[in-house]
There are 2 protein chains.
Amino acid sequence: MNTSPVDDALLALAQSFREALRQSVYVMRRLDSEEQLSSAQLGVLKMALDGGARVGGIARNLGVKVPSATEQIIKLERAGLVRREADPDDSRAVRVAATAAGRAAVENADRRRNEYIAGILGTLGQAERDAVEAALPVFDKINNSLQNQARN
Amino acid sequence: MNTSPVDDALLALAQSFREALRQSVYVMRRLDSEEQLSSAQLGVLKMALDGGARVGGIARNLGVKVPSATEQIIKLERAGLVRREADPDDSRAVRVAATAAGRAAVENADRRRNEYIAGILGTLGQAERDAVEAALPVFDKINNSLQNQARN
DNA sequence: TATTCATATTTAGGTATCCTAACAGTTAGG
DNA sequence: CCTAACTGTTAGGATACCTAAATATGAATA
């Protein structure tokens, strides 16, 4: 007799939310598996677009540890999509910058994936699209909460 | 000059949607990494609750290939959470059933995760919670579309 | 009934991503 | 200076997924 109706509603929402997230994971995997660049690599590449992201920053932003970021960066470098250069201000640091090929790859990959998703979104009714649009900022907020909470 | 404003809006929504999904993947990974059962294993276990899920069905439902499902099932079996038994109707098939320990594990794992997420959802305003609640069924719909599309 | 084709699962082998721990070089404070 | 803190790479290991091949059973058909 210790549960209030408020709690129950929250827990039920949490359950549905978790289920949607789990599905999303598989959907993302599938999407990634049909592309050349994984979505993590695409994320790295985007951060490298403005010409000088640091490895640590990339890792933090991506939600992974530094060695995992290094690994992806090396793959991108081998593919000719980014360059690693010394940081002029701090020679411990490495700056990761997209090459021209890298820029092109981002645009291509983004366009392809967006068109694919847009195709699905296009089958929704306007009210449904509105619901998604309204929820996305909240999802962002939730994701950030969860990410920060775990960042100990 | 071939893009209509409608398309642009859809593509922009698609972009935001993708970004939210990518974040969700990392959030799920983090959540999973702090628990005994991965969310995939928890999914298997839930299907095994009613006493006889087949391997192929589990795989399909989970969005993975059969050998991947087998792998998780074997782990759960070794942990004493499910039993594999012959299907009385079709001796090619295997029925996966949760043990008593498995049932308990599901309840525990679900409760823990739901409480954790509910804690985050509790920090949202009512309007934000409503937005999430309204969007979840649409997310489900989208996830299913994407899953079916890839199921070739 | 014998053969053949289809279905259900497991096994074997390989890939991608992530992690922790240990190492090397650089910076900055005492 | 010299030590502590920081940035990144290397090495080694875990996990989850996949495809292809093997095994066994079921169904269809000649």
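Chain letters run A, B, ... following the sequence lines, proteins first and then strands; every chain starts at 1. In this text, all values refer to a predicted model and were calculated from it rather than measured experimentally. The figures here come from the full heavy-atom set of this structure, side chains too, leaving out hydrogens, waters and symmetry mates.
- Residue pairs meeting the salt bridge (charged side-chain N to carboxylate O under 4.0 Å, His left out) criterion with at least one partner in residues 91-105 of chain A, sequence neighbours excluded, are A:Asp87-A:Arg95, A:Asp90-A:Arg92.
- Between the side chain of A:Asp32 and the main chain of A:Ser38, no donor-acceptor pair closer than 3.5 Å is present.
- Distance check: B:Arg18 CZ to B:Ser24 OG gives 13.5 Å after rounding to the nearest 0.5 Å.
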| message | Base contacts versus sugar-phosphate-only contacts with protein, heavy atoms under 4.0 Å: please encode nucleotides 7-12 of chain D as B, S and - from 5' to 3'. | response | SSBB--
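- With sequence neighbours left out, the salt bridge (charged side-chain N to carboxylate O under 4.0 Å, His left out) criterion links B:Arg29 to no other residue.
- Look at CG on B:Asp87: it is 18 Å from P on D:dA24, rounded to the nearest Å.
- What separates CZ of A:Arg29 from P of D:dC18 is a distance of 7 Å, to the nearest Å.
- Taking a heavy-atom distance under 4.0 Å as the criterion, the stretch of DNA chain C touched by chain B extends 5' to 3' from C:dT7 to C:dC18.
- One can place NZ of B:Lys75 at 11 Å from P of D:dA14, the figure rounded to the nearest angstrom.
- At the phosphate of D:dT15, neither OP1 nor OP2 sits under 4.0 Å from any side-chain N or O atom of B:Gln72.
- One interatomic measurement links the two molecules: CD of B:Gln41 to P of D:dT15, which rounds to 10 Å at whole-angstrom precision.
- Heavy atoms of A:Ser38 sit under 4.0 angstrom from primed sugar atoms or phosphate atoms, though from no base atom.
- Between A:Ile117 and A:Leu31 there is a side-chain heavy-atom pair separated by less than 4.5 Å.
- Taking A:Glu115 as the reference, A:Arg111, B:Leu11 meet the side-chain contact (heavy atoms from CB on, under 4.5 Å) condition, with sequence neighbours excluded.
- Ring centroid separation for the pair A:Phe139 and A:Phe17 comes in under the 6.0 Å cut-off.
- In this structure, the salt bridge (charged side-chain N to carboxylate O under 4.0 Å, His left out) partners of A:Lys141, at least two apart in sequence or on a different chain, are B:Glu128.
- For the pair B:Ser68 and D:dC18, the criterion of a side-chain N or O lying under 4.0 Å from OP1 or OP2 is met.
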